J.: 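Provided herewith is a single structure, encoded as structure tokens, for subsequent inquiry.
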Protein chains: 2
Amino acid sequence: MLKLSKKADYALMALQYMAMVRSGETSPFNPNRIVNTKEIAEEHHIPLELLAKVLQTLAKYDMVESQNGPKGGYLLAREPREISIAQVLEAIEGPLGIADCYHEKDEHAPCEQIEHCNIRTPLLRVQESIFHLLNSMSIEDMMAEPPLIIVESRKTKGVQL
Amino acid sequence: MLKLSKKADYALMALQYMAMVRSGETSPFNPNRIVNTKEIAEEHHIPLELLAKVLQTLAKYDMVESQNGPKGGYLLAREPREISIAQVLEAIEGPLGIADCYHEKDEHAPCEQIEHCNIRTPLLRVQESIFHLLNSMSIEDMMAEPPLIIVESRKTKGVQL
DNA sequence: TCAGTCAAGACTAAAATGGTCGGAGATCCA
DNA sequence: TGGATCTCCGACCATTTTAGTCTTGACTGA
């Protein structure tokens, strides 16, 4: 539950990687170098074609710029700090909302339950908190993180930050 | 994205309703009365059979107690404040985790990317925040909320609480 | 021109989700 | 006491979503 889709995972990985490359972290002698789909896919062991599709949508949403031809590839279209996690997730998976109270068939009609819905208001509060959190974090915040070695239990819950 | 499943919605609605009934809010003369699936389904306009299944799993996780036979139904097994939203979601949709870094086939093996995963640590931070939020809210917090009349735009994002 | 790159779409397989059905079990009352 | 009735229960099916693959085409630079 609440798990990110693979595509969203891949998008974040790719953007983080591009941000690292751009900063010169991975290859100090040529920051700003362009990276292509294959490189990212091999680096992270993810299927090439799927990543390609993800990068296409990121390009469509102006988060990366594509360059065609040999030596082509992608680069970040903005500063890493200007790309929020919320923006990435919305680009890949559509508008985010814990409670979106709209009819499935007709975007503009409210859902069947709305007249008798007792949980809407509190859920909207939860939703706003999550939005705020995801909007406040950017790709920059994902850089230079030492990978965790310890695989902690999935039972750890409710830990205060 | 991040949208709750129908089942999760129904579970929360049902629990909130049962909490209201129990408090005497809906029918002052007999609080603690037992309610059956049909009543909840009709009250909220949700399909009976699906709600039934949801209530079954809630019973399995000891959030409600079931009583069979005529005049049977469900009641809350605990105080509303002792049932957190996180518990409900986990009961219905399985363990929650933005990033669960496990192999799909083998629960105990880490996922393919973990060795080269650059986004794990920051995502775990996000995840912990959300866990904390969902654990800190209970069914009690969902009671006595006046329904919102205004249908606000789904474009409102990143609003500070 | 040619090889390497992105772009775009159709297509398939598998999983998750939403929804349905025919019972099994408990209670009530003649 | 025994059946009628009302409830929960668990297996089942249909649809949608997701993940992944494949093909074709267009663009670019050497």
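Values in this document were obtained by computation on a predicted structure and should not be read as measured data. By convention in this document, chain letters (A, B, ...) are assigned in the order of the sequence lines, proteins followed by strands, and residues within each chain are numbered from 1.
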J.: Within the structure, does a side-chain N or O atom of B:S66 lie under 4.0 Å from either OP1 or OP2 of D:dC9?
T.: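 Checking B:S66 against D:dC9: at least one side-chain N or O falls below 4.0 Å of OP1 or OP2.
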
J.: Could you give the distance from CG (A:L134) to CD (A:E90), rounded to the nearest 0.5 Å?
T.: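 The CD atom of A:E90 is 9.5 Å from CG of A:L134, to the nearest 0.5 Å.
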
J.: May I ask you to list the residues sharing a hydrophobic cluster with B:I34, side-chain cutoff 4.5 Å, ordered by chain and number?
T.: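 Via sub-4.5 Å side-chain contacts, B:I34 links to B:L75.
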
J.: Rounded to the nearest Å, what distance is computed from the CD1 atom of residue B:I92 to the P atom of nucleotide C:dG18?
T.: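 Between P of C:dG18 and CD1 of B:I92: 11 Å.
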
J.: Please confirm whether the shortest side-chain N or O distance from B:T37 to OP1 or OP2 of D:dC8 is below 4.0 Å.
T.: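 For D:dC8, OP1/OP2 do have a side-chain N/O of B:T37 under 4.0 Å.
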
J.: For a quick check, with a 4.0 angstrom heavy-atom cut-off, what is the B/S/- contact string for nucleotides 24-30 of chain D, read 5' to 3'?
T.: ---BBS-

J.: Whole-Å distance between C:dA16 C1' and B:K6 NZ?
T.: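 The distance from NZ of B:K6 to C1' of C:dA16 comes to 14 Å, rounded to the nearest Å.
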
J.: Would you please name every residue forming a side chain to side chain contact (heavy atoms under 4.5 Å, CB included) with A:E39, sequence neighbours left out?
T.: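 Testing A:E39 for side chain to side chain contact (heavy atoms under 4.5 Å, CB included), a comparison that skips the adjacent residues, returns A:Y17, A:R33, A:V35, A:N36.
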
J.: May I ask you to decide if A:I139's main-chain N or O and A:Q16's side chain share a donor-acceptor pair within less than 3.5 Å?
T.: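 Judged by distance alone, no pair lies under 3.5 Å.
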
J.: Using whole Å, report how far CD of A:E65 lies from C1' of C:dT5.
T.: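 To the nearest whole Å, that distance equals 16 Å.
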
J.: With sequence neighbours excluded, tell me which residues meet side chain to side chain donor-acceptor pair (under 3.5 Å) with A:T57.
T.: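 Partners of A:T57 by the side chain to side chain donor-acceptor pair (under 3.5 Å) criterion come out as none, since no residue qualifies.
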
J.: With a 4.0 Å cutoff (strictly under), does any side-chain N or O of A:S5 reach OP1 or OP2 of D:dT17?
T.: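 No, A:S5 has no side-chain N/O under 4.0 Å of OP1/OP2 on D:dT17.
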
J.: Atom CD1 of A:I40 and atom P of C:dC6: how far apart are they, to the nearest Å?
T.: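 In whole Å, C:dC6 P lies 9 Å from A:I40 CD1.
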
J.: Please state how far atom CG in B:N36 lies from atom P in C:dA26, giving the value in whole angstrom units.
T.: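 Value for this atom pair: 18 Å.
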
J.: Does C:dT17 have OP1 or OP2 under 4.0 Å away from a side-chain N or O of B:Y10?
T.: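 For C:dT17, OP1/OP2 do not have a side-chain N/O of B:Y10 under 4.0 Å.
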
J.: Determine yes or no for a side-chain-to-main-chain donor-acceptor pair under 3.5 angstrom, with A:H132 supplying the side chain and A:E128 the backbone.
T.: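 Here the side-chain-to-backbone pair does not exist.
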
J.: Can you check the A:K38 NZ to C:dA7 P distance for me, whole Å?
T.: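 Rounding to the nearest Å, NZ of A:K38 and P of C:dA7 are 17 Å apart.
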
J.: Rounded off to whole Å, could you give me the CD-to-P distance for the A:E93 and D:dA19 pair?
T.: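 About 7 Å, once rounded to whole Å.
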
J.: Among pairs that include at least one residue of residues 62-79 of chain B, which meet side-chain hydrogen bond (donor to acceptor under 3.5 Å, both in side chains), considering only residues two or more places apart or in two chains?
T.: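 Of all non-adjacent pairs touching residues 62-79 of chain B, those that pass side-chain hydrogen bond (donor to acceptor under 3.5 Å, both in side chains) are B:R22-B:E79, B:R78-B:Q87.
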
J.: Identify, residue by residue, the members of residues 45-63 of chain A with a heavy atom below 4.0 Å from DNA chain C, and return them in order of residue number, or none.
T.: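 Heavy-atom cutoff 4.0 Å gives A:K53, A:Q56.
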
J.: Would you check if there is a donor-acceptor pair between the side chains of A:E82 and A:S138 at a distance under 3.5 Å?
T.: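 No pair is found: no donor N or O on one side chain lies under 3.5 Å from an acceptor on the other.
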
J.: Can you tell me how far P of D:dT7 sits from CZ of B:R33, to the nearest Å?
T.: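 Taking atom P of D:dT7 as the reference, CZ of B:R33 is at 12 Å.
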
J.: Is a donor on one side and an acceptor on the other found under 3.5 Å between the side chain of A:E43 and the backbone of B:H116?
T.: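 Side chain of A:E43 to backbone of B:H116: no pair is present.
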
